[in-house]
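Remarks on the structure that follows.
Because the structure is a prediction, the values reported are computed rather than measured.
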2 protein chains.
Amino acid sequence: MTSAAADRRRASRDAKRAKILAEAWELGKRDGLAAISLRDLGGRVGLRQPSLYVYFESKLDLYDAMFADGYRQLLELVGRRRRAQEPQAALTAYVRDIVRFCSENVERHQLLFQRTIPGFEPSPDSYRLAVEFYDLARAHLAAAGVTRRNDLDLFTAMVAGLTHQQVANDPGGRRWVRLAGPTVAMFLADVQRRRQVSTATARRVTT
Amino acid sequence: MTSAAADRRRASRDAKRAKILAEAWELGKRDGLAAISLRDLGGRVGLRQPSLYVYFESKLDLYDAMFADGYRQLLELVGRRRRAQEPQAALTAYVRDIVRFCSENVERHQLLFQRTIPGFEPSPDSYRLAVEFYDLARAHLAAAGVTRRNDLDLFTAMVAGLTHQQVANDPGGRRWVRLAGPTVAMFLADVQRRRQVSTATARRVTT
DNA sequence: GTCTATACATCGATAGAC
DNA sequence: GTCTATCGATGTATAGAC
């Protein structure tokens, strides 16, 4: 039932949607995400403001599409890595990629990781991409032997903190990007140390 | 020249300002900070919208007053601690206080630590309070023997990360609050370990 | 200090013509 | 799909009565 004409129509529509999203990110970087104006946005893609409603149901729907778009870019970035690395190196690269991505795309960071647009909540479809992203972290950690919930929580907090400080105090720079390696090393050493302590205790008990 | 009448007038004015600020926080918690409407706010304090301009020069000026108000509350909270503690315990209490404060006051967290209100920038006077707050962290760290910039950066990132995750994933809860102790312990152990390594190296070199 | 009234600009959103 | 026209809500600001 999908004729060639329908395919063309959909492709054209998707291309226009992509163009609108790209311009929306530009506007968000320039004026702040919450300050995006649909009239501005329309003007940038050669449309009047009401015509945008052909491509997005509402402004919140636009934010939702941007949310999904941002996570797709992030997943593409961290998924590009070779997998045949040792766990600590892979984990470090993962963290560095994220912090760098957020440093270079503060507007993406705001939408993806801060929840500051009044009324915006990602749709289930978009949220699935966010979950996929967190699952990647869990996989990296499992490969490094880290599986306890408190350790996962501590790790995600450290990644969130590095990105937050980078974005807030040195946007576009590398001041906290450079701390990815030392941070991961500190974290894995701590997990290791605690494992040895509990093993030693168990040994003492069973001996 | 400050007559008793002038004192009364100023006191009344300050009280009204405080009331407006309190209601503004309420509105921010309910609708999001950026969605505060001056007409709503006026209604909550028994005033029409234009009358608010008697107390604040503009909406951004209101945000600025909220920014200062939030930091004063935070400084009051972390300053309430007894000082005669050992450094690690003091540092842990400091971190726990901050994460808990943000967990219970997500709108304060948004204004104080995320910079997401388009066009808002704290005035020099208000910013001074933020600096005072960071200086407190520096003092706690110095007492624990931590003074290198990278270590300060790592520490602030961890505090920011714990608060961020707490606010984003368990607002009002304690899931990341409970990690304050283990986090500080991990951090100080890491600093200590690195100090020993460099000391050992220096000894090797000089021997 | 507080009010009413009003102006102006901006915004998201909708109706309906083409 | 794209447009014009329009709506209601918003923030900003001012004038002027009480």
Exercise. Reckon A:Gly42 touches a base, only the sugar-phosphate, or nothing at all at heavy-atom distances under 4.0 Å?
Worked result: nothing

Exercise. Which part of the nucleic acid, if any, lies within contact of A:Tyr55, taking any heavy atom under 4.0 Å across all strands shown: a base, the sugar-phosphate backbone alone, or nothing?
Worked result: sugar-phosphate

Exercise. Pairs in or reaching into residues 87-102 of chain A: which pass salt bridge (Lys or Arg N to Asp or Glu O under 4.0 Å), with residues at least two apart or in two chains?
Worked result: A:Arg81-A:Asp97, A:Asp97-A:Arg100

Does atom [atom1] of [X] have more than 12 heavy-atom neighbours from other groups under 6.0 Å away?
| X | atom1 | result |
| --- | --- | --- |
| A:Glu121 | CD | no |
| B:Phe133 | CZ | yes |
| B:Arg195 | CZ | yes |

Exercise. Should the ring pair A:Tyr94 and A:Phe155 be called parallel, tilted or perpendicular, given that the plane angle runs from 0 to 90° and is split at 30 and 60?
Worked result: parallel

For this session: Say whether A:Trp25 and A:Asp69, considering side chains only, have a donor N or O and an acceptor N or O under 3.5 Å apart.
Result: yes

Problem set entry | nucleotides 4-18 of chain D: protein proximity per nucleotide (B base, S sugar-phosphate only, - neither; heavy atom, under 4.0 Å) | BB-----BBBB----

For this session: Name every residue in residues 15-24 of chain A that has at least one heavy atom under 4.0 Å from any atom of DNA chain D, in order of residue number, or write none if there are no such residues.
Result: A:Lys16

Exercise. Checking ring-ring contact (aromatic ring centres under 6.0 Å, His included) for the pair B:Tyr63/B:Phe67: CA distance, chi angles, key distance, verdict?
Worked result: CA-CA 6 Å; B:Tyr63 283 129; B:Phe67 184 90; over 10 Å; no

Problem set entry | Rounded distance (nearest 0.5 Å) linking atom CG of B:Asp40 with atom CG of B:Asp31 | 7.0 Å

